[in-house]
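Heads up, the thing below is written out as structure tokens.
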Amino acid sequence: MPEKVHTYFGALEDQSSKKAPKAIPEPTLAEDVGRKKRRNKKRKRDEPTEEAQAHPNNVPARTEERVKDLPPAVNEPITVPSVSKEPELEASLDQTSAPKQKPKARPPKSFTDTKTNFTSLREKANSLYELRKKLPIFGHADEIRQRLREQDVMLLVGETGSGKSTQIPQFLVNEFWCRPTPAKVRQEDGSEKSITVGGCIAITQPRRVAAISLARRVAEEMGTPLGSSSPASKVGYSVRFDTSTSPSTRVKFLTEGMLLQEMLHDPWLTKYSAVVVDEVHERGINVDLVAGFLRNLVSGKREGRGGVPLKVVVMSATADMESLMGFFQEGFKEQEQEQKQISNGTTNGTTNGTSNGTSNGKSSEQGSRAITACHIKGRQFPVKTIYSPEPVHDFVDAALKIIFQIHYKEPMPGDILVFLTGQETVENLENLVNEYAIGMDPSLPKILVLPLFAALPQAAQQRVFAPAPPRTRKVILATNIAETSVTVSGVRYVVDCGKAKVKQFRTRLGLDSLLVKPISKSAAIQRKGRAGREAAGQCFRLYTEKDYLALDEANTPEILRCDLTQALLNMKARGVDDIVRFPFLTRPPREALEKALLQLFNIDALQDDGGISDIGLHLAKLPLSPTLGRVLLAASENGYDCLLDVIDIISCLSVENIFLNTTSEEKKEAAETARRDLYRREGDHLTMLSTVRAYAGENVDRKVWAERHLVSHRAMQSVMDVRKQLRAQCRQSKMLPREEQNGHYPDPSPDLILQSFLAGFATNTARLVPDGSYRTIVGNQTVAIHPSSVLFGKKVEAILYNEFVFTNRSYARGVSAVQMDWVGEALAGR
DNA sequence: GAGCACTGC
């Protein structure tokens, strides 16, 4: 039986004690994104077939007559015969609180599509509607709409399974405030310009897969084609390398990074009537920036939107709403104070209607200035927690015992998901389980061990999603990837080691460290929840209850753990002059901010007065770290050939490792032989270049080529995507000639290439000292060349490195040999 | 002698 669904709404009455309807598993977000072209082609091929299968009696319509009488894209109702009252459809008709608008005052653009089978799309949508009605959030549609009519900012806690990500955009899309609105904005020269503001809802997601699969699901539910597949499509998405929207798009799922990028070009987000920020609790650095910019946008005078409000919905799965509430309130307060000062302090009624954490909306004199909050309980089956009675020293060993204990005692079906720290522990445990399984009682069900980590080739990852063979229990050994990015169905038992590898940037040393640390309570709860998606489950924590209680409440926000150079560049490019006054959701330490500013000065991204330079503006628009972007600009001054070569290398540096890890001795030797013709004695940078050139020049079968050279085909596909994007961007900004010359590339010039790199990485250098070790030139830290480098074990005058990381010791990764006088010149030039 | 997870016009 499902747990009781308990739902309450702000300060309103408690509606608990309703029984939950039968759970519907959310669509899994685990599907492979694949490559853009392949998917786009596939989608076009597959969709009609899928529909035909779903409705065997429905002959796919070729006809135009069905299509031509479709209403325009906006306000097109889906007829739901069995439902007497569908709140969503009434939204645009309900004018009790909305200002009256002539229905056809400004008819939205209509685009016709003669190819899509709209009838079958609608039938699908109608059948999905029955499932939507059962989502915990569904009953609150009216209330949510009502509140957002009155207020601009809403905070929504929606637990896993509440349906918030798919339903909220549908609740809002037909609201009167969500229509394109004509507005006048004052331009820099003082003249007025007429523009259209709004009409579209943006929903941000931290991950690409989530953005794409949510868009696909919402398109189905709304009975509209997806993205660019039809000009009449109302739902689209936008992620790097893959944007699929149409002229009629009204609901757009995008990654946080993509929204930031859009904001660089359109700071007032004039396309949007609302921005829904989903999964804020994950607190990636991009979501912090988005939140800061949005706060400035809603609490400011909206002059760039001609005064048209922007609605902001901030959604989180965990209940830490107080800090968010305070965050947005402060923005409104600051603005009130400013206005007070302007109007000489004679305004009245400045009390904010949100003092006790909730707002009843109507009473607030600030109207749209108030913030409203609501909490929707999720749908989750109960999960029993079993703690280790004693502290555990070896969690691999402890996990092994628990896995077999579960397997012997617990009934089938019920797969086991084990959370470990990394590839190494996963592979160790994999071997152990397989060894023990050999001696298992043959009358017992079999065990199928499946590793799952990001570096695993795609095909191996997919095995995890296949259902277990008969009489077999799946044991999935996963890293953090299974905590948020990937949902595995069939899991009823979770084993949680309580640890994860965490990356932490140490400002003072300019060093990234990757260390095993205890997870937070909210991560522990998230892991546990993975056992209760489909039925009641159990979670075995390989730590004591006391240890659990001592854990941090939430994960450390990324903004406190990473290099801030890129974030600050983005802010500067958006015209934030005073970084210290920027509304940070969590303020990073002053030292970290200063260090990042210094770095931006060092690469000429800022002028002496702290304002952004032309170089900085250019860098902000590149899909690269500012440092790599600087290298690209430097290379462009060394001629087309150098720039093309540097693009190839930068493309490699901005994706995961392109060389496959070799585990066995045997493979290692094979790899050495296979890769010998790729290795360059100048170092890793030139080795990457020769690899990209060889891969790109392979016309027969790149996959086979990659396998033979023990190069990751998946990584190389990303490299080619980045390379293409960077080349296109360089052509656009005239750094490369318009035409792509597909000719023969001359031999690279290692000196020019490495000198270009020094323009961004002059401080990432080390020299050989008499004892045979390397010391950083700035800071005099000892650093060792990473074993994955082609220069590992070699001694050269000086090295340039891409990354300085600490695991067991300090390593330089991505290393090339440079001359000391180049380094001297690069450092003197600043 | 070694590789947590995400992400970008």
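To find a chain, count down the sequence lines: A is the first, B the second, and so on, and within it residues start at 1.
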Q) Do the ring centers of Phe505(A) and Phe806(A) come within less than 6.0 Å of each other? A) no
(Q) I want to know whether Phe757(A) and His685(A) have ring centres closer than 6.0 Å. (A) yes
Q.
So, using salt bridge (Lys or Arg N to Asp or Glu O under 4.0 Å) as the criterion, who are the partners of Lys528(A) when residues are at least two apart?
A. none
If you check the [X] side chain, which of [options] turns out closest?
X: Thr807(A); options: dA5(B), dG3(B), dC9(B); value: dG3(B)
X: Pro787(A); options: dC9(B), dC4(B), dG1(B); value: dG1(B)
X: Tyr811(A); options: dG1(B), dC4(B), dC9(B); value: dG1(B)
X: Ile481(A); options: dC6(B), dC4(B), dC9(B); value: dC6(B)
X: Lys503(A); options: dC9(B), dA5(B), dG1(B); value: dA5(B)
X: Pro623(A); options: dC9(B), dT7(B), dG1(B); value: dC9(B)

When the distance from [atom1] of [X] to [atom2] of [N] is rounded to whole Å, what number comes out?
X: Leu260(A); N: dC9(B); atom1: CG; atom2: P; result: 11 Å
X: Arg561(A); N: dC6(B); atom1: CZ; atom2: P; result: 13 Å
X: Gln423(A); N: dG1(B); atom1: CD; atom2: P; result: 20 Å
X: Ile519(A); N: dC4(B); atom1: CD1; atom2: P; result: 17 Å
X: Phe505(A); N: dA5(B); atom1: CZ; atom2: P; result: 21 Å

Q: Map Ser788(A) and Asn286(A) onto DNA chain B by nearest heavy atom, then report which one ends up closer to the 5' terminus.
A: Ser788(A)
Applying a 4.0 Å non-hydrogen cut-off, can you work out what [X] is touching in the nucleic acid: base, sugar-phosphate, or nothing?
X: Leu624(A); result: base
X: Ala454(A); result: sugar-phosphate
X: Ile285(A); result: nothing
X: Gln725(A); result: sugar-phosphate
X: Ser733(A); result: nothing
X: Arg207(A); result: sugar-phosphate

Q. Aromatic rings Tyr543(A) and Tyr548(A): how do their planes relate, parallel, tilted or perpendicular, breaks at 30° and 60°?
A. parallel
